[in-house]
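Chain identifiers are assigned alphabetically (A, B, ...) following the order of the sequence lines, protein sequences preceding nucleic acid strands; residue numbering begins at 1 within each chain. Note that the structure is a prediction, hence the values are computed from the model and not measured.
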2 protein chains.
Amino acid sequence: MIKQSGRAAEHSPIFVTVDLVIFTVRQDALQVLLIERGNEPHLGRWALPGGYVRDGETLDEAASRELGEETGIDGGRLHLEQLRAYSEPERDPRGRIITVAYLALGPELPLPTAGTDARAARWAPVTSLLGRAGTLAFDHDVILRDALETARSQLEYTTVAAAFCAEPFTIGDLRHVYEVIWGVTLDPSNFRRKVTHAEAFLVPTGERRFPEVGRPATLYRRGVARLLIPPLLRSGDVAGTGTSRVAAVRRER
Amino acid sequence: MIKQSGRAAEHSPIFVTVDLVIFTVRQDALQVLLIERGNEPHLGRWALPGGYVRDGETLDEAASRELGEETGIDGGRLHLEQLRAYSEPERDPRGRIITVAYLALGPELPLPTAGTDARAARWAPVTSLLGRAGTLAFDHDVILRDALETARSQLEYTTVAAAFCAEPFTIGDLRHVYEVIWGVTLDPSNFRRKVTHAEAFLVPTGERRFPEVGRPATLYRRGVARLLIPPLLRSGDVAGTGTSRVAAVRRER
DNA sequence: GCAAAAGTGTTAGACCTACACCCATGC
DNA sequence: GCATGGGTGTAGGTCTAACACTTTTGC
């Protein structure tokens, strides 16, 4: 049994949840999966999917399980990574609940069926949700904003953009992901050079895709590289001193 | 009160701690603060400082409080940021305890006095601790390794290196931080150009420091920039495909 | 003067942006 | 042919690594 040291009341155990920010690119927009809450608190409001961490389960496992429950997708097939923990004592009116947010990225996913404590589920364009606070339940506005900036930043330094594309995919598909998530248009020829020169990012399958119109495109699969070297920097937003932004960068070997 | 939904036993509340990776540069090495544990489990082993999150406290507040308790330093004066949560069910033999690791950076700090549940405290060179697993208690080896890679990466994209320098500092001081943490030697003139051209990174004080030998150096304080634009990339370790590394990048506005 | 660290200048090559241009396909 | 997206080439500017060189101090 757990033995508390010191004054017992000072550190009570805490309920821990995971919340998922599931991004996909569909209809020329970055979209996030939302559920309509079927229980109090925030009954009827839109929120990120999530749930309690169960006994004996790691956070990663809880996130993967919730992902499967909410989308019907095998969690192992999607890119899934921990974002950060959110711990404001008043963030949940039921009591002290800390949540660990996860970022999940995938190619166009089916609309999931509503789960046990959700009345409905839908894909929502991310940009339409930001800007006005209080759109989502709890502190999910903040989590979503953090997740968006993480995703945008990760496109620069990692190969996760490929996680948005169903394999096999074309360079045009990949460029579309960058354009939608960054909200810019990119030069097709320069983009091609960069991604094809980054080693182990793209592996040609030898096949081609024949579009409705235009020249057929070479098809690729994801290579084994996870870091994008050299990085593919957004150039548009370096204006100014960067004083209003804080960056945290993490890398594992 | 907290109302559990579903089968009650499936998601019990969990004890939550914060653990601190406190880095400083001293004696030409990156050093981390360790404490010798004065209680079971792992009595007598070296570990990262940390403690339980108290009722009504955010994780940031808990980290800041622990930092003050362990180092005697006003937590608000140090760079402090959340790294990530660690949640292996078996990571602590006392039971289910999740920890959220924090990274703290500061200029040469005093050796702290041992706290209530620590027999001793010391600074240890980081490189001497890595390589062999099982050096530290719990999963603190893993946390330390993650923190080191985060710190190394952050020097590239942010201005946190200045957090290792007591103000006012010289460009040589700053370069020394980069050299020690990256384990490389940098060209002084090119380094100077990069950091002085990065806007709002360094603010000259107008004063100079007169060393034992050599030309006096201009003194600077940290500017308001938190992102380093353009980044100051490590070039030495880009060899290979990057296949063995995973990157997670996060940015806030 | 000499050693040492600060600081400036220069040059060759890498890289990047913008854009012209060619290619392969459906209709 | 023509429209469309795929894909290649290239000139000009920018950035950077490497290193020669000058400056300012203590001794």
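- Every residue two or more places apart in sequence or in another chain was checked for a side chain to side chain donor-acceptor pair (under 3.5 Å) with Arg26(A), and none qualifies.
- Sorted by first then second residue, the salt bridge (charged side-chain N to carboxylate O under 4.0 Å, His left out) pairs that include residues 212-224 of chain A, not counting sequence neighbours, are Glu167(A)-Arg221(A).
- Among the heavy atoms of the strands, none lies under 4.0 Å from Arg209(B).
- The side-chain contact (heavy atoms from CB on, under 4.5 Å) search around Val213(B) returns none, not counting sequence neighbours.
- Qualifying salt bridge (charged side-chain N to carboxylate O under 4.0 Å, His left out) partners for Arg192(A), counting only residues two or more places apart in sequence or in other chains: none.
- What separates CZ of Phe191(A) from P of dG9(D) is a distance of 19 Å, to the nearest Å.
- Residues that satisfy the salt bridge (charged side-chain N to carboxylate O under 4.0 Å, His left out) test with Asp139(A), not counting sequence neighbours, are Arg91(A).
- Scored by the side chain to side chain donor-acceptor pair (under 3.5 Å) test, Ser189(A) finds Asp187(A) as partners (sequence neighbours excluded).
- Counting only residues at least two apart or in different chains, ring-ring contact (aromatic ring centres under 6.0 Å, His included) contacts with residues 179-206 of chain A comprise Tyr178(A)-Trp182(A), Tyr178(A)-Phe191(A).
- Pairs passing the salt bridge (charged side-chain N to carboxylate O under 4.0 Å, His left out) check and including a residue from residues 174-186 of chain B, sequence neighbours excluded, read Arg175(B)-Glu179(B).
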_Letter per nucleotide, 5' to 3', of nucleotides 16-27 of chain D [B base touched, S only sugar-phosphate touched, - untouched; heavy atoms, 4.0 Å]_ = -BBB---BBBS-
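- Look at Arg226(A) and Glu199(A) and you find no salt bridge, because none of the NZ, NE, NH1 or NH2 atoms lies under 4.0 Å from a carboxylate O.
- Of all the residues in residues 162-173 of chain A, not one reaches under 4.0 Å from DNA chain C with any non-hydrogen atom.
- With sequence neighbours excluded, the residues that form a side chain to side chain donor-acceptor pair (under 3.5 Å) with Asp173(A) are Thr170(A), Arg209(A).
- Here chain B contacts DNA chain C (any atom closer than 4.0 Å to a heavy atom, that is under 4.0 Å), and the contacts span dA4(C) to dT10(C) from 5' to 3'.
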